[in-house]
> 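Questions regarding the structure given below will be posed in turn.
Being a predicted model, the structure only gives us computed values, none of them experimental.
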Amino acid sequence: MIQAGYGDSRFDTSEHGPVMTHFARRFMERHVQDHPDKPFLLYFATPAIHVPLTPHSAVAGATGVGLRADFLADLDSQVGHLLATLDQLGIASNTVIIFTSDNGGAIQGGEAMIAAGQHPSGPLRGSKGSIYEGGHRVPFIWKWGDGTPAGSVIPPGTTCNHLVSVMDWVPSLIDLVGGSPAADQHMDSTSLLPLLFSDAPDARPAVRTHHLHFTDLEPAHTAVRMNDDAGKWLFVRAAGTLPMELYDLSADLPQAVNRVAGYLNPAALPAGHPQRERVLALHHA
């Protein structure tokens, strides 16, 4: 953050993208030169597009829709340089590439984007820090191959609608290299390889049916995502005077219709309510 206090007065947050990209590229180049037959793991945790919104001078103002959009262009540039380096080293088609985020889109600094019809959360309700899908649903893109069906391990162009977690990338890579997680590690995550390697991942068994959402911005709120044969659901647990909420994401992605509106908690639902059993199951999940 840019604020008064201790720090390096020469540090320029707009330079982190080029600096990190430079050292990431140099790492890959040196590794391929010194250890051509050994794999590597590069975890590139760029501060883009986090606050402070300080895109590099090369892209500042380029989009015309604000600093957040400019910072997205900065992020695109960083990723582009890394992918170009893989091509130059001749290892692009034999490198697993994962692109994801740790939370949903943020609103701060995105006012011009929203006015231009480019909402950071798209059609999803909420944003970073929210209990709703806009706070937790993120891009999760995997690539392994040359982009053609014959030359790719992960079939290109496929999409998967199963409920998964960003945390799943760790056991997936452990599984990929033939290892097994320690008994006390990665107990809340699972390997996605059966889904990733499939031409029809939605036809395969789900790797999980539940996922917990938490936020400290909405008092004591937690929510549970649940996928089953009857749809995809988001249940927001009651918190104090805030009533519970239930949304059918299969039919209501913006989470506009609360299927248990008017009821404070599960105990208030009458025996004949069509969602009573589902709410009880999610409340205790």
> Keeping the roles fixed (side chain from Ser127, backbone from Gly135), state whether a donor-acceptor pair exists under 3.5 Å.
no
> Between Asp199 and Thr158, what is the shortest heavy-atom contact and its length?
O-CG2, 3.8 Å
> Stepwise, does the side-chain hydrogen bond (donor to acceptor under 3.5 Å, both in side chains) test hold for Asp70 with Thr63?
CA-CA 6 Å; Asp70 293 344; Thr63 66; 2.6 Å; yes
> Tell me, yes or no, whether the heavy-atom count around Gln108 atom CD, taken from other residues, nucleotides or ligands under 6.0 Å, exceeds 12.
no
> Look only at the side chain of Arg204 and the backbone of Pro194, and say whether a donor-acceptor pair between them is shorter than 3.5 Å.
yes
> Could you list the donor-acceptor pairs under 3.5 angstrom formed by side chains in residues 272-280, with sequence neighbours left out?
unit_1, atom_1, unit_2, atom_2, d
His273, ND1, Gln275, N, 3.0
Gln275, OE1, Arg278, NE, 3.4
Arg276, NE, Leu269, O, 3.3
Arg278, NH1, Asp228, OD2, 2.6

> Please check if the side chain of His31 supplies one atom and the backbone of Lys38 the other of a donor-acceptor pair under 3.5 Å.
yes
> Drop me the distance from Asn258's CG to Phe235's CZ, to the nearest 0.5 angstrom.
9.5 Å
> Can you name the closest pair of heavy atoms from Glu15 and Pro18 and give their distance?
O-CD, 3.3 Å
> Assess, by modelled atom type and distance only, whether the side chains of Asp168 and Thr190 contain a donor and an acceptor separated by less than 3.5 Å.
no
> Assess the residue pair Thr54 and Thr13 against the criterion (side-chain hydrogen bond (donor to acceptor under 3.5 Å, both in side chains)); give the C-alpha distance rounded to whole Å, side-chain angles, the decisive distance to 0.1 Å, and a yes or no.
CA-CA 6 Å; Thr54 52; Thr13 56; 2.8 Å; yes
> Under 3.5 Å, which donor-acceptor pairs link side chains of residues 84-93 to any protein atom two or more places apart or in another chain?
unit_1, atom_1, unit_2, atom_2, d
Thr85, OG1, Arg25, NE, 2.7
Thr85, OG1, His81, O, 2.9

> May I ask you to check whether over 12 heavy atoms, not counting those of Asp229, lie within 6.0 Å of atom CG?
no
> Phe23: which residues meet the side chain to side chain contact (heavy atoms under 4.5 Å, CB included) condition with it, sequence neighbours left out?
Val19, Arg26
> What residues, two or more places apart in sequence or in another chain, satisfy side chain to side chain contact (heavy atoms under 4.5 Å, CB included) together with Ala223?
Ile131, His213, Leu234, Val236
> Minimum heavy-atom separation for Pro149 and Pro156, please, with both atom names.
N-CG, 3.9 Å
> Leu195: which other cluster members, linking ILVMFWY side chains closer than 4.5 Å, directly or transitively?
Leu41, Tyr43, Val96, Ile98, Val138, Phe140, Trp142, Trp144, Val153, Ile154, Val164, Val166, Trp169, Val170, Leu173, Ile174, Leu176, Leu192, Leu193, Leu196, Phe197, Val207
> Determine whether a donor-acceptor pair (N or O, by modelled atom type, separation under 3.5 Å) exists between the side chain of Asp202 and the backbone of Cys160.
no
> Using every non-hydrogen atom in the two residues, find where Gly109 and Arg68 come nearest and quote the distance to one decimal.
O-CB, 3.4 Å
> Restricting to non-hydrogen atoms, name the atom on Ala268 and the atom on Leu264 that form the minimum distance, rounded to 0.1 Å.
CB-N, 4.3 Å
> Would you say His136 and Lys128 are linked by a side-chain donor-acceptor pair, where the criterion is simply a distance under 3.5 Å?
no
> With sequence neighbours excluded, what pairs up with His284 under the ring pair (Phe, Tyr, Trp, His ring centres under 6.0 Å) test?
none
> Mind listing the closest non-hydrogen atom pair of Tyr247 and Asp252 along with its distance?
CD2-OD2, 3.9 Å
> Counting N and O atoms only, with roles assigned by atom type, does the side chain of His283 sit under 3.5 Å from a partner on the main chain of Pro266, one being a donor and the other an acceptor?
no
